[in-house]
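First listed ligand is number 1; within each ligand, the first listed atom is number 1. We use all heavy atoms of the structure for the numbers below, so side chains are in, but hydrogens, waters and symmetry mates are not. These figures come from a predicted structure and were not determined experimentally.
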Amino acid sequence: MTVFEHKGKLLIVDCGVLFPEETQPGVNVILPDFSYIRGRIQDVVAVVLTHGHEDHIGGVPYLLRERADIPVVGSELTLAFVSAKLEEHRITPKLQQVKEGQRRSFGPFDLEFLAVNHSIPDGLAVAIRTEAGLVLATGDFKMDQFPLDNRLTDLPGFARLGEEGVDLFMTDSTNAEVPGFTMTEEDIRPAIDSVFRTAPRRIIVSSFASHVHRIQQVIDASARHNRKVAFVGRSMVRNMAIAEKLGFLHVPKGLVVDVKALERMKDSQVTLICTGSQGEPMAALSRMANREHTIKIGEGDTVLLASSLIPGNENSIYRVINGLTRWGANVVHKGNAKVHVSGHASAGELVYCYNLVKPKNVMPIHGEWRHLKANADLAIRTGVPEAQVLVVEDGVVVDLVDGVAKIVGRVPAEIVLVDGMTVGGVASEEALADRVQLSNDGAVTILGILDTRTGALVEPVEFIARGFVQDNAWIQGATKSIDDALRAANKVKIVDGPELEELFTQSVTRWMQRKYRRIPVITSVVVDA
Ligand SMILES: [Zn+2]
């Protein structure tokens, strides 16, 4: 989420979510921090969505909970995806559909929209004109010269804006470290075709629920090889229905059937296209690998991962692939076949854009720090002065005054965790650390009954373990560590429950630190007799 501010008014560009990592168990999604705009929510003139990916639209329902009538601006497909999502949250948005080539004003912001090509159709870059200068934000984009929908990134438009004078260029950094040009979507057709030609039984494709182009390829291949297709997963079914209705997905009549209809067909005539609960592919696959999914993988099935492997999660991805293979599946993924191309511009394309746009200032966006830095280096190599290339993390404030961009401060930009139905609050960093410790080492509860008159324990303490193996040696050791601590504390005579609880927890923790490497979450409870 980026907030532009001019003459006291705020314009928001994109409002996405992140998906949790392994260190964030129990977290559904991660939101941007709205605290900076919360006090000024009436000053927001619009939220502009560059495209329909979750990391650009997923936060909109939560933003509109702050104020429901913020105009939501985007292309036809983007707005269709976001309204389906808002419907689930029972929010009726105020939509303003735009398309490439159009100009619209919102408060002091004059916006122009340009076509960009990405892994989802109908993406837009946005040029923002104010009295402070001209900003061009690409959103996610690449420069596929043979896209399935023939909709090219509007390089003539980029060049025209360059001639007008772009004061700040904000461009997609995701693939800035990758040399050359991103391959075209067409290039993976032979690999997908070969999967369909050779698969003996069912083909199970996992993809993001928004990857219309890739799903088009799977549908085309299914049609060529006489397979029927069923969509599995709420967001996949929903998004593909939308994409087909709006003409972004072309499905031959009768090709897509309900998943139940496939049961009566031969396995060699079946393609299943599925996704995870949030529209991401890995969740569904990991449930299949663990046999928790309605699709039961069997001998001879082919699983096609038609998406990127999420970087940084390699271990869990290979665990999933191992699991699927163990059930007898042949798993085809970008590591062993050319079944995926990125949706993001590589270094060659970025350099091309810098030379075309000739920006005065550059602020790389979208990506982790190393991606932003790599993108910044590209800008500098094309001649943008180093001082005018700003690598900033979330929350940093950049001022654009008289054609010069400068870092001037910082606003709160914590990540906000959505945990079940709770936004923020419960899912604190501390709670997450507890969850990780619980899942690694389990929990032990120490139970004592105290006679408050004498200050003595009525019975020996009891240990209740979950996810932690306690044998006799452990119980003896833990009991002894508590007895020792009690003897040492006897001099001060403890008669109060909370103090005893503290003493139990501390003595067992200390003893376990010495004796074992792992420490479960230890809780002590002392009740009065
Ligand atoms: Zn995207």
Side-chain angles (χ1 to χ4, degrees), residues 1-2 12-19 29-32 47-60 72-82 84-85 100 113-126 136-144 147-149 151-154 170-178 182-185 206-217 235-236 239-240 242-243 248-249 275-276 278-282 306-313 334 340-346 349-350 353 364-368 371-372 375 394:
M1 181 176 101
T2 313
I12 299 172
V13 175
D14 288 331
C15 184
V17 291
L18 284 174
F19 292 113
V29 292
I30 302 164
L31 293 179
V47 52
V48 175
L49 305 172
T50 57
H51 63 286
H53 276 154
E54 282 301 306
D55 54 340
H56 293 256
I57 68 168
V60 172
V72 180
V73 183
S75 68
E76 185 182 25
L77 184 69
T78 306
L79 291 189
F81 279 177
V82 83
K85 176 183 290 298
E100 56 265 35
F113 302 95
L114 300 97
V116 288
N117 172 261
H118 182 37
S119 50
I120 187 171
D122 223 11
L124 293 172
V126 56
L136 175 58
T138 63
D140 287 351
F141 85 111
K142 61 176 171 176
M143 286 162 42
D144 193 339
L148 293 191
D149 59 2
R151 185 173 174 271
L152 298 167
T153 291
D154 184 6
M170 299 164 63
T171 185
D172 181 2
S173 310
T174 312
N175 272 353
E177 291 180 313
V178 180
T182 299
M183 278 200 322
T184 169
E185 180 74 28
S206 92
S207 170
F208 285 97
S210 55
H211 205 331
V212 181
H213 292 322
R214 193 64 43 78
I215 290 160
Q216 182 72 59
Q217 298 236 49
S235 48
M236 182 65 82
N239 283 3
M240 290 311 121
I242 292 171
F248 290 95
L249 184 73
T275 194
Q278 304 279 352
E280 84 289 22
M282 284 319 288
S307 63
S308 57
L309 309 177
I310 296 147
N313 257 343
K334 65 176 275 199
H340 175 69
V341 292
S342 170
H344 302 272
S346 298
E349 287 146 277
L350 294 171
C353 286
I365 50 171
H366 307 327
E368 294 168 22
H371 305 127
L372 303 177
N375 197 359
D394 292 345

Carefully, step by step, assess V116 and E100 under the rule side-chain contact (heavy atoms from CB on, under 4.5 Å).
CA-CA 9 Å; V116 288; E100 56 265 35; over 6 Å; no

Between E185 and D144 (side chain of the first, backbone of the second, donor and acceptor by atom type, cut-off under 3.5 Å), is there such a pair?
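No.
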
Report yes or no: does S75 contribute a side-chain atom to a donor-acceptor pair with the main-chain N or O of D122 at less than 3.5 Å?
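Flag set: sc S75 to bb D122 pair under 3.5 Å.
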
Begin from the C-alpha positions of D172 and T138 and carry the test side-chain hydrogen bond (donor to acceptor under 3.5 Å, both in side chains) through to its verdict.
CA-CA 7 Å; D172 181 2; T138 63; 5.9 Å; no

So which protein N/O/S atoms does the Zn ion (ligand 1) have within less than 2.8 Å?
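Under 2.8 Å from the Zn ion (ligand 1) - ignoring waters, which are not counted - the protein N, O or S atoms are H51 NE2, H53 ND1, H118 NE2, D140 OD2.
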
Check: H118 ring centre within less than 6.0 Å of H53 ring centre:
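Centroid separation for H118 and H53: below 6.0 Å.
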
Is the shortest side-chain heavy-atom distance between F141 and T50 below 4.5 Å?
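Result no, sub-4.5 Å side-chain heavy-atom pair not found.
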
